[in-house]
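Following: one structure in C-alpha cells, then a few remarks.
Numbered from 1 within each chain, the chains take letters A, B, ... in sequence-line order.
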Amino acid sequence: MREQRTFDKIIEVKNVTKTFGETTVIDDINLSIRRGQFVTLLGPSGCGKTTLLRMIAGFTTPTDGTIFIEGQNVTDMPPYKRPVNTVFQKYALFPHLNVFKNVAFGLKLKRIEDDKVNARGEKQKTMRKFTKEEIAEKVNRALKLVGLEDYGHRDVNSLSGGQQQRVAIARALVCEPKVLLLDEPLGALDLKMRKEMQIELMKMHRELGITFIYVTHDQEEALTMSDVVVVLNDGVIQQIGTPKQVYDEPANAFVADFIGESNVISGTMLKDFDVSFLGAEFVCEDKGFAKNEKVDLVIRPEDIKLLPETAAEGQLLGTVISTVFKGTWYEMEIMANDYEFTVQSTVEAKPGQNVKMLIEPDGIHIMKKLRTVNEFEGEIDGENSVYICGGSFEVDTNLEKGTAVKVLVPFDGVELTDDEDDGVIGANVTHVLYKGSYYQVQIYTDTDEDFYIDTTDEWDIGDRVGVIIDKSKVTLEVIEEESEKDDKE
Amino acid sequence: MTKNKFRPSFFAIPWGVISVIFVVFPLILVFVYAFIGEDGNFTFENFAAVFGEISNLTLLLKTIGISLLTTVICLLIAYPTALILSSAPFNRYVVLALLFIIPMWMNFVLRVIAMRSLLYIFGINNGFFATMIGMVYDFLPFMLLPIYTVLTNMDKSYKEASFDLGANGFVTFFKVTLPLSFGGIMSGITMVFMPVFSAYAITGMLGDAKTNVLGGRINAFFSNSSTWGVGSALSFVLLIIVFLTMILSELLSRRAPKQKQTTKGGTTK
C-alpha cells in the first residue's frame, strides 16, 4: 500500500521541450499522470500530442527536460526497457507472423523472476523466460479479452480493420504494461466500430486498472472516455481537467472553441460578478479580475434560453436567421447586436422571428484573454523604422538607430493583405476564431513569431498573407541594457 | 467519359509482336536445332553428346558453384550496405544509394574492361580471383537495389512496435527487419544468380582456362557452324535449369510476408 503511494504519480513530465529543426513541437510542458487514470491528450493535428506520447514511449527523446515513470528517470532509456506498451495508429502488426505469434512477440522476450533451489538447497533468485504453456495461456487470455478467441492461427492481413486493432491492443496488454499508450487507435475505423471500441476500451480500463494515455483529436471521444483531458495547442498545455471541467469551465478561448459548440465573445469585466458584452450587462459567477479588464467569455448554445419578444426578462434581443432540426433539439443562428449566436433549444423559433435571449449567471464562463497585445522585441534600424519579425516597419519615433525596443502592437493595429508582397513581411494564417462582430486571426511569421489580429475580413487557415502595421497605434518601449536578459527570459 | 472503342488488351499487341520476334522465335530455333543432327534429320544425338561428355557435367557443377558463390558474396555485401543506406541519417542522401546503382546504367563490357585494367594495376592477373571480383562488382547493384527498396519502404512503425514490445536492436533486426525484407532478398538472389549462371563474357575477359563456364562452352559451340546442334542442346539444358530456379524463387517469394502499403507518414510528428 505504502509503495503504491510513493508512486502515485506514475508518469511525470518535467519541463519537456522538443524541437525538430527550427520548429518547437512541445514547448516546456509539465504534466503528471496518476496511477490508474484514463488520460487523454487532446488537440488539433500538429499540436504535439503524438510527439509527447512518443517521448513517453521512448521513440523520440526530448530536446530538453526529463520524463519519469514510477519515479525513475527514463528520459534516455530505450523503449524496450520501459514498462509501457503502445497501440499504434496503423496497428503495426507484424505481417510475417500470425495473430498468435504477434501477440506472443513481447512475451517471448520477457524475463521473469524465478525462485530456484540450488545444489546446496538455498533459494536463489534467477531470471527465466516464460514456458511455452505459460505463453499460450496468456496469449489466449489476451485474445479472449479483446473478443478474438479463435483467431490465433489467422493471418493478420486477412483481418478487418477493427479486428487488427483488437490484436494490436491484445499484443500490448499481454505484456502487462504499467501504462498503455494509445496513439489515435480508432482513427481508421468507421463510426459504428469506433463507438463499440470506445466502450470496450473503457471496459478494459476499468477491469485491468492500468493507466491509459490516449491520444486523439476527436473531442467527443476525449469527453466520453477519459478521467482527465489534457488539451494541447501549439505544443503548450491549454488546460488539464475532467471532461466536465474542460467543457463547463474552459480555461481560455481556444479550449472553449475546440471543445464543443460555443459562442466566444469579447467582453469587459466591470467588477466582480458583473460583465459587459455586446452592449449589455450580465451577472456572472466569476471574480478576481482587474476593473474593466478585457476578457473572453464563452456561452454554450444550450445555455441560452429563448423567450418571446415581449418578455420582460432576457438581456438581448435577437433575430433568428436559420433553424435546423437536430433530432432532440433545434439549432438556431440568432443575430443580436452584430453577433451571430448559435443556440440549441427544444423550442423552435422560425427564421425572421424576433426573440429575447436570457443567459443565466451560470451560463457565462469568463476566461482571461490569452494575450491582449502583440509584443515583440526589436531594434530601431533607421529613421522612423523598427526591425521586428524579419521586417522593417514604419513607426513614429525619435529614438536612435540601434536602440533595443519592445514593440507593442494592439490587435486592431495590424492589417493583413491578400498579396504577400503588399505587406512588410509574409506570414501564414494558423487560427481563426469568430468573436461575434469580428474575427480574431492568428498568424505565424517566418521568424517563428505569432501575431493576433482583430479584423472584420474573413481569412482561411493556411492563407499566405502580407502584414502591415498601423504606425499610429504602435507603442515603443526602450529596453534597458541591464534588464535585457530578464526580458528574454 | 467517351466510350473507348479499344479494349485495354489491344495496347499489348506491340509488346506481343516484339516478344514473338525476339523471345518466342529464338527459343523455337534453339529447340529445333537441339533436335536436328548434322544431316538435318530429327535426332537425340545432340543431347547424347551433351550428357555423354563428362566435362560438360563438371562444367555445369562449376558454373553452379561460381553462380552460388557470386550470389552469396553479393548478398553479404549488399545487405549491410542497403541497411546502412536506408537507415538514418543516410536515408536523407539518395545520392549515396545512387552511387551504388549508377554502374548498372553503364555497359558492362566497358565496366569489365575498366576493372581488368584496375586489377592489373594492383597486380591481380586473370584467373579465378579476378573473375570473382568482376562478377561481384558487376552484379552487386542488382542485389542492392531490391533490398534497398524493400528496406526504405518498410514502415517505421514495425521496428518501433518491436522495440516497444521489449526487443532490442539486435532482436528486432532478426525477428522483424530481416524477415520483412525477405522479398527483396529473394528478388536480389534471382536477379544475380540467373544472369551469372549464363554469363560468359566476364569469365572470358577476366578468367583463364580454368574459369571456363557453361556459357563459354556454348559460345565455343556456336562459333563452329558444325556444332550448333550440340550448342543448342546445351543451351536447352541451361534454360531448363534457369527456369527451375525461377520457379523455386517464385515459390519462396510467395512465402514472403506481404507488407501492407498503407499511406506513409500520418502523424509521426
Portion of [X] that has a non-hydrogen atom of chain B nearer than 4.5 angstrom:
X       : answer
R82(A)  : neither
L181(A) : neither
K18(A)  : neither

Report task. Compare every heavy atom of L180(B) with every heavy atom of Y158(B), then report the nearest pair and how far apart it is. Result -> CD1-CD1, 3.7 Å
Query raised in the report: Quick one: of V215(A), L93(A), V87(A), who has the most non-hydrogen atom pairs under 4.5 Å with chain B?
Result: L93(A)
Query raised in the report: Can you tell which of A92(A), P79(A), P78(A) has the highest number of heavy-atom pairs within less than 4.5 Å of chain B?
Result: A92(A)
Query raised in the report: Which bit of T172(B) is near chain A, if near means a heavy-atom gap under 4.5 Å: side chain, backbone, both or neither?
Result: neither
Requested in this report: Taking the six-membered ring of F105(A) (Phe, Tyr or Trp), confirm whether the NZ or CZ of K175(B) is under 6.0 Å from its centre and within 45° of its axis.
Outcome: yes
Report task. With R171(A) as the cation and Y91(A) as the aromatic partner, state whether NZ or CZ is under 6.0 Å from the six-membered ring centre and within 45° of the axis. Result -> no
Query - Expected output: side-chain D155(A) to main-chain S158(A) donor-acceptor under 3.5 Å - result: no
Query raised in the report: Atom CD1 in I461(A), atom CD in Q442(A): separation rounded to 0.5 Å?
Result: 9.5 Å
